[in-house]
A.B. asks: 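This is the structure I have questions about; it appears just below.
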Amino acid sequence: MAHVVPADPQAAVTLKKKAQPSRSWALLDSTGETTFLDVDKYAIMHRVNIHARDFRILDPLLSYPSTILGRERAIVLNLEHIKAIITSEEVLLRDPSDEYVVPVVQELQRRLPPVNAIHQGQDYKGGQNDVEAGDEESPFEFRALEVALESICSFLAARTLELETAAYPALDALASQISSRNLDRVRKLKSAMTRLTARVQKVRDELEQLLDDDDDMADLYLSRKLAGASPVSGSGAANWYPASPTIGSKISRASRASIATIRGDENDVEELEMLLEAYFMQIDGTLNKLTTLREYIDDTEDYINIQLDNHRNQLIQLELLLSSGTVCLSLYSLVTAIFGMNIPYTWNDDHGYMFKWVILVSGIVSAILFILIMSYARLKDLVGS
C-alpha cells in the first residue's frame with residue numbers, strides 16, 4: 001500500500017526560505033510498502049549518510065556514466081534511468097513517476113518482501129526456525145540490487161532488439177537499391193546504434209570493474225557491515241514520518257535472514273559475485289548483438305563501396321570508348337584537312353585515285369587503333385580482377 005508522507009513542517013518552512021528545489025522519491029522498505037516523499041537532497045543525504053559528491057551522480061541534470069558505489073551505509077546506484085540509494089533496510093528511488101521507472105517500482109514491491117512475509121500476520125513461533133527459513137534468502141540490499149540490474153539489462157536488451165528489427169531490413173533494402181532515402185534511414189539507425197552501444201558499454205564496464213575488485217564487492221555487503229558495527233536493531237527509522245510499531249522490525253526479516261552471511265568471512269563475496277556475473281553475461285550478450293550489428297553495417301558499407309567503384313569503372317570505360325572514337329575520327333579530319341588545303345601541289349595532278357586510297361588506309365588504321373585500345377583496356381580489367 002503506497003501513501004504520501006509530507007516533509008516535517010519545520011523543515012518545509014526552511015525549505016521554502018532557502019528556495020531549494022524539491023525532488024520526488026519513492027521509499028520502499030523490506031516489506032515492499034511504498035512511501036512517496038517530496039524532500040530535498042539534503043534530507044536524503046542526512047538520512048542515508050552519504051556525501052554530496054556521491055549524491056551528485058544521481059542528478060538527472062548532470063551526465064554521469066553508469067555507476068555502482070558502495071559506501072558505509074548505502075549503495076549509490078546510477079544505471080541509466082534507474083537512480084537509487086539502497087540501504088540494508090530500504091530503497092530510495094528517484095523520479096518514481098517516470099514511465100521507465102514505474103515498472104522498477106512495481107518489481108521492487110513484488111520482490112523485496114522476504115519469502116516468509118506471508119506469515120507476518122501469524123503468531124511468531126520459534127525464532128530459530130524463522131532464522132533457518134531466512135538463511136535461504138539473500139540480504140535485502142542484494143534483492144534490491146538484483147531488481148535494478150535485471151531491469152536495466154532487460155531495458156537495454158529490448159532497445160537492442162528494437163534496433164535490430166529496424167536495422168537489418170533497412171540495410172538489406174540499401175544493399176538492393178542505393179537511394180537517398182535508404183541512405184538517410186541507415187544513417188539514423190547507425191547513429192542510434194552508436195549511442196546505444198556506448199550506454200551498454202558503460203554498464204558492462206561498471207559490472208566488470210566491480211567483478212575485478214573484491215574490496216568493492218565487499219563494500220556492497222551492507223547488512224554484514226551493519227551487523228559488525230552493532231547488533232541488529234530497528235534504529236534506522238526515518239525522521240520525517242511518524243513512528244510506527246512495525247518500523248523497528250522492518251530490518252529483522254532481511255537482516256535475520258542473512259545472519260549466516262553477515263557472520264561469515266568478511267572477504268567472502270561469492271554470493272554477490274555470482275549475482276553480478278549473471279547480469280554481466282546478460283549485458284555482454286547485448287553488447288555482442290550490437291557488435292554483430294555494427295559488423296553487418298560495415299559489411300554493407302563495403303558492399304556499397306564496391307558497387308559504387310564498379311559503376312565508376314563503367315563510367316571510366318565509357319569515357320575511354322568515347323576518347324578512342326574521337327582519336328580514330330581525328331584521322332579522317334587529318335585527311336580532310338590535307339586534301340582541303342587551298343595550296344597547289346603537283347602530286348595531285350592526274351592522281352585522283354590517291355584520295356580514295358588515303359581514305360581507305362585511314363579507315364583501316366583507325367579501326368586497328370580502336371581495336372588495340374579497347375583490347376588493352378579489356379586486358380587491364382582482366383588483370384585487375
Side-chain angles (χ1 to χ4, degrees), residues 5 23-37 39-58 67-79 82-96 101 104-105 107-109 111-114 117 134 137-149 151 210 216-241 243-244 246-259 261-262 266 269 271-272 275:
V5 177
R23 298 294 183 182
S24 177
W25 293 81
L27 186 147
L28 297 95
D29 57 19
S30 58
T31 64
E33 184 179 357
T34 305
T35 304
F36 295 100
L37 305 173
V39 294
D40 65 344
K41 63 180 181 179
Y42 299 104
I44 297 293
M45 288 189 296
H46 176 70
R47 178 182 180 86
V48 298
N49 193 22
I50 62 174
H51 296 289
R53 63 176 178 272
D54 297 330
F55 191 86
R56 194 177 297 119
I57 68 174
L58 302 180
T67 308
I68 302 176
L69 296 178
R71 292 298 180 254
E72 185 64 27
R73 293 178 51 189
I75 299 174
V76 184
L77 194 69
N78 177 27
L79 296 175
I82 302 178
K83 302 179 185 298
I85 301 175
I86 303 173
T87 67
S88 60
E89 54 192 85
E90 63 188 17
V91 178
L92 285 162
L93 196 63
R94 188 162 205 165
D95 297 330
V101 182
V104 182
V105 175
E107 190 67 14
L108 286 171
Q109 291 173 341
R111 295 173 58 176
L112 283 183
E137 301 171 4
S138 298
F140 173 82
E141 62 268 20
F142 289 176
R143 298 202 302 273
L145 179 62
E146 183 177 5
V147 171
L149 291 175
S151 299
L210 276 176
D216 288 344
M217 286 191 288
D219 289 338
L220 302 183
Y221 279 79
L222 303 180
S223 299
R224 175 191 295 174
K225 291 188 293 185
L226 183 63
S230 61
V232 176
S233 64
S235 59
N239 58 0
W240 56 57
Y241 59 92
S244 170
T246 61
I247 291 295
S249 62
K250 288 181 179 179
I251 317 174
S252 58
R253 294 290 179 182
S255 299
R256 289 203 309 267
S258 57
I259 282 179
T261 303
I262 294 172
E266 293 184 357
V269 294
E271 181 180 2
L272 180 58
L275 173 66

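The basis for the numbers below is simple: all heavy atoms, side chains too, and nothing from hydrogens, waters or symmetry mates.
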A.B. asks: Are any of the side-chain heavy atoms of Ile82 and Leu93 separated by less than 4.5 Å?
C.D. replies: yes
A.B. asks: Taking NZ, NE, NH1 and NH2 as the nitrogens, is one of them in Lys225 or Glu141 under 4.0 Å from a carboxylate oxygen of the other?
C.D. replies: no
A.B. asks: Just verifying a value: how many Å separate Lys83 NZ and Thr67 OG1, rounded to the nearest 0.5 Å?
C.D. replies: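 The OG1 atom of Thr67 is 9.0 Å from NZ of Lys83, to the nearest 0.5 Å.
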A.B. asks: Once you round to the nearest 0.5 Å, how far does CD of Glu33 lie from CG of Leu112?
C.D. replies: 12.0 Å
A.B. asks: Can you find a heavy atom in the side chain of Leu58 that is under 4.5 Å from one in the side chain of Ile44?
C.D. replies: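 Not in contact.
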A.B. asks: Where is the tightest heavy-atom contact between Leu28 and Gly32, given as atom of each residue plus distance?
C.D. replies: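 Closest heavy-atom pair between Leu28 and Gly32: CD2-O, 4.4 Å.
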A.B. asks: How long is the straight-line distance from CG of Leu92 back to OG1 of Thr87, given to the nearest 0.5 Å?
C.D. replies: 7.0 Å
A.B. asks: Taking the inter-plane angle between the rings of Phe142 and Tyr221 on a 0 to 90° scale, is it parallel (under 30°), tilted (30 to 60°) or perpendicular (over 60°)?
C.D. replies: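 It falls in the perpendicular class, over 60°.
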A.B. asks: Which heavy-atom pair separates Leu220 from Gly70 by the least distance, and what is that distance?
C.D. replies: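 Here Leu220 and Gly70 meet closest at CD2-CA, 3.5 Å.
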A.B. asks: To the nearest 0.5 Å, tell me how far Ile85 CD1 sits from Asn49 CG.
C.D. replies: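 One finds 11.0 Å between CD1 of Ile85 and CG of Asn49.
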A.B. asks: Taking side chain as C-beta onward, heavy atoms only, is Leu79 less than 4.5 Å from Ile68?
C.D. replies: yes
A.B. asks: Compare all side-chain heavy atoms of Arg143 with those of Ser138 and state whether any distance is below 4.5 angstrom.
C.D. replies: yes
A.B. asks: State, to 0.1 Å, how close Val147 and Glu107 come at their nearest heavy-atom pair, and which atoms those are.
C.D. replies: CG1-CG, 3.7 Å
A.B. asks: Once rounded to the nearest 0.5 Å, what's the spacing between atom CD1 of Ile57 and atom CG of Leu69?
C.D. replies: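 Those atoms lie 4.5 Å apart.
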A.B. asks: Within the structure provided, determine whether Leu226 and Arg73 are in side-chain contact (heavy-atom separation under 4.5 Å).
C.D. replies: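 When only atoms from C-beta onward are counted, Arg73 and Leu226 do not touch, as no gap falls below 4.5 Å.
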A.B. asks: So, do Ser88 and Pro139 sit near enough that their side-chain heavy atoms are less than 4.5 Å apart?
C.D. replies: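 The answer is no; the side chains never approach within 4.5 Å.
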A.B. asks: Side chains of His46 and Val39: does their closest heavy-atom pair fall under 4.5 Å?
C.D. replies: no
A.B. asks: Quick one: closest heavy-atom pair of Glu90 and Phe140, and the distance?
C.D. replies: N-CE2, 3.0 Å
A.B. asks: Please round to the nearest 0.5 Å and tell me the distance separating atom CG of Leu145 and atom CD1 of Ile86.
C.D. replies: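 That separation rounds to 5.5 Å.
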A.B. asks: Quick one: closest heavy-atom pair of Ala26 and Pro96, and the distance?
C.D. replies: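 For Ala26 versus Pro96, the nearest heavy atoms are CB-CB, 3.5 Å.
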